[in-house]
Amino acid sequence: MKRTPKWSFFIVAILIAVLSFTALFGVYTRYGDRVDTVIRGVDGIRWGIDIRGGVDVTFGPVDEKIEVSATQLEGVKTIIEQRLVSKNITDYEAYTDLANKQVIVRFPWASTTETPEEAVAEIGQTAMLEFHIGSETDDKGKPTGALVLDGDDIESAEAGQNQDENGNLEYVVQLKLKDSGKKAFSDATKQQAEKGTISIWLDDEMISNPSVKNHIANGQAYINGMESVEAAKELAALITSGALPFEIEAKSLGSISPTMGSNALFAMGIAAIIAMVLVVALMIGIYRLPGLVASIALCGQMAATIAAVSGYFAVFDSFTMTLPGIAGVILSIGMGVDCNVITAESVRDELRAGKTIDSAIRSGSKNSFGAVFDGNITVLIVAAVLMGVFGSSNSLFGFLFSWLPVSTTGSVYAFGYTLLIGVFTNFIFGVWLSRVMLRSVSRLKIFRKPWFYGGDR
Amino acid sequence: MKKNFDFVGHLKTFLIISGAIIVVGILMNIIFGTKMDVAFKGGTQLRYSYEVQPDLDKLETAAKEILGQNAEASLDEVNNTTVVSVTLPSEISTEQQDAFTQKLEKDFKDSKLTNFSSNTLSASMGLKFFLRCILAVVIAAALLLVYVGFRFRKIGGLSAGFAALIALVHDLVIVYFSFVIFRLELNENFMAVMLTILGYSLNDTIVIFDRIRSNSRKMNAPLDEVVNLSLNQCLRRTIVTAVTTCVAIGTVAVVALVMHVDSIISFALPMLLGSISGCYSTVALSAPIWVRWFKKDVKA
């Protein structure tokens, strides 16, 4: 077996230190007055409504006189929930108030490029999508051409890229049509091929009017002329979540205080630091050198989890961190400790059975892997099921459960997400890196005594 | 040589202890009932605008006096007006609301409270959410049984899976009762703790079965002895992991207590009890139950 070089330990430790530092404090470039975020730190995390408070919106019908049934109102709530999740806002509360024909939504807010008003406007969009033949309108600006497709004919929508007539790349929304839409679209493209256009309308506004080049029979359509990839993603998410049964508007918009109390986050931060110090002291006290290695690996695991939640690189969105999300982090750190404890115990047993340091580390690592593997995979199953059942249908694992009636519960989804990250980081830091570090550091001359590994002398 | 503790032989004692705790829990539940958060069963939200900020604790006491309900008061902002929101855990009649508003006008004269809005809230996590939970539990349990059944097929995996699930249910029941006994509301904290203990209990138990699997390969002894030896070999690990977890969660509880953040105490305390239960059910229930209930006729 190839021996692990002595310097591996230092390289891994330095990398973990760099990761921890950047994940905590972030990296920014300053150019004059402009500060750009390269790597997002802890303060870039979007905290849940329970921890930092947020926005409180009441949606009601634009036309106050319309009749609204309980099912319709419930439908509005479900669609709003899905739109929130597709914007990575997983922590929200949504209530219906049938007497007032209102849906009350509360969600957390982080200062990003978007204002709460913009987000609310987007969430409250009717998102009625229509395809019409030609682009003629009546004097009220409504399309007069025959209706080809509407939102109900669309199976899924995704943001993508396409080449336009001049060979330039442009952003598009790719649509997969249901069987109901395939035939209508096929007929319409056959009729309009090489001579006309099919216009695409969102909430009675024409967003695109492409000319039809060929007859399209395979049920693949796309909306071109998107301004940016973000615009394409937004529209795709709106189309996927479906149209609202009636037009709504924000009746009131306000902010609310954190439901957990204002100093909950501060208290949790202090508790996390003290707990970390105590855990490190315990690990080193009980397991000596493997305990030290475990502590370094745990720091790395913690940093990687923070990075996965904050988005780390500025291009990724920050995930909403709620109390269940924090519970997921606590559980994964606990499993990280357990994984290191199992390995350290196993090495200690082998040493006490009379093996040399090297062979004790080798067989200890080998023997303990099965237990760590099975423990983590069972938890992974739980995380995947929770994410699938409580996430929206276009989220991770959501497709597995797309046969279910639509419903999302963001906070359970957040727990599943952090737990999933926990299992991955457990294999990377708790299994792989901590073993590399232990093998490497055991080759240093000063650590050649069994005492350092829990042996007698 | 260290003497091994006979976990399997003491199963009866452990079952009596767990049974007693569960009976006490059920009795407490009957006496105290279960407190549910607005999110689970709906309620009412009253909002008042004010001139001078009222004392939120006093508002909650006033609500309890007039309406006989535990209210939650908080300061919010709506359409650029600061308001105080009073959230009640059930629906109230118009008369009750009027009585409450009058009481507030009288008791908080200086604040000049005026009714801003009132909403009846449906449960945001109602029946549909509950059905989803059951579905998630069923799917997860089925997948776990398949996985454990496959990975532990050498020792009759499916039964090991069932034993692990029994230990899991035991721990979740303990978490539920700790909410009942401490008279805590079932809210988001409850969900978070239940989910955490679910993962913790499973991981803790599976590691034991892994040791039983590798020992039964090497040893030629009755299954009772194999299980006892495995539990004793893993005892140090189980205890160290449990102590570390409890120290970490205990720290959270103590800090929350010192800083008076009630919402975190109601999260950390049940979690502490849940992880103790998880550790206990791992050594005292899962593997011994597996041997005694599912492997009765197997003589290794």
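Order of the sequence lines sets the chain letters (A, B, ...), proteins ahead of strands, with each chain counted from 1. These values consider heavy atoms only, across backbone and side chains, with no hydrogens, waters or symmetry-generated copies.
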Mind ranking [options] by heavy-atom pairs under 4.5 Å with chain A and telling me who comes out on top?
{"options": "B:Val83, B:Thr82, B:Asp210", "result": "B:Asp210"}
{"options": "B:Met259, B:Arg213, B:Met271", "result": "B:Met259"}
{"options": "B:Thr245, B:Val247, B:Val148, B:Leu202", "result": "B:Val247"}

Kindly compute the distance separating [atom1] ([X]) from [atom2] ([Y]), expressed to the nearest 0.5 Å.
{"X": "A:Met283", "Y": "A:Leu298", "atom1": "CE", "atom2": "CG", "answer": "6.0 Å"}
{"X": "A:Leu282", "Y": "B:Thr244", "atom1": "CG", "atom2": "OG1", "answer": "5.5 Å"}
{"X": "A:Met335", "Y": "B:Tyr200", "atom1": "CE", "atom2": "OH", "answer": "11.0 Å"}

Less than 4.5 Å to any heavy atom of chain A: does that hold for the side chain of [X], its backbone, both, or neither?
{"X": "B:Ile197", "value": "neither"}
{"X": "B:Cys133", "value": "both"}
{"X": "B:Ala136", "value": "both"}
{"X": "B:Val252", "value": "both"}

Given a strict heavy-atom distance threshold of 4.5 Å, which part of [X] is in contact with chain B: side chain, backbone, both, or neither?
{"X": "A:Ala267", "answer": "both"}
{"X": "A:Asn376", "answer": "backbone"}
{"X": "A:Ile381", "answer": "side chain"}
{"X": "A:Asn100", "answer": "side chain"}
{"X": "A:Asp374", "answer": "both"}

Distance-only donor-acceptor check, side chains [X] and [Y], under 3.5 Å:
{"X": "A:Ser252", "Y": "A:Thr58", "answer": "yes"}
{"X": "B:Asn189", "Y": "B:Ser266", "answer": "yes"}
{"X": "B:Gln45", "Y": "A:Tyr95", "answer": "no"}

With a 4.5 Å cut-off on heavy-atom pairs, point out which of [options] contacts chain B the most.
{"options": "A:Ile377, A:Ile333, A:Val379", "value": "A:Ile377"}
{"options": "A:Thr378, A:Asn340, A:Val382", "value": "A:Thr378"}
{"options": "A:Leu253, A:Val57, A:Leu98, A:Ile330", "value": "A:Leu253"}

Under-4.0 Å salt bridge between [X] and [Y]:
{"X": "A:Arg352", "Y": "A:Glu350", "answer": "no"}
{"X": "B:Asp204", "Y": "B:Arg237", "answer": "yes"}
{"X": "A:Lys77", "Y": "A:Asp97", "answer": "no"}

Parallel, tilted or perpendicular: rings of B:Phe152 and B:Phe209 (30°, 60°):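 B:Phe209 vs B:Phe152 ring planes: perpendicular.
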
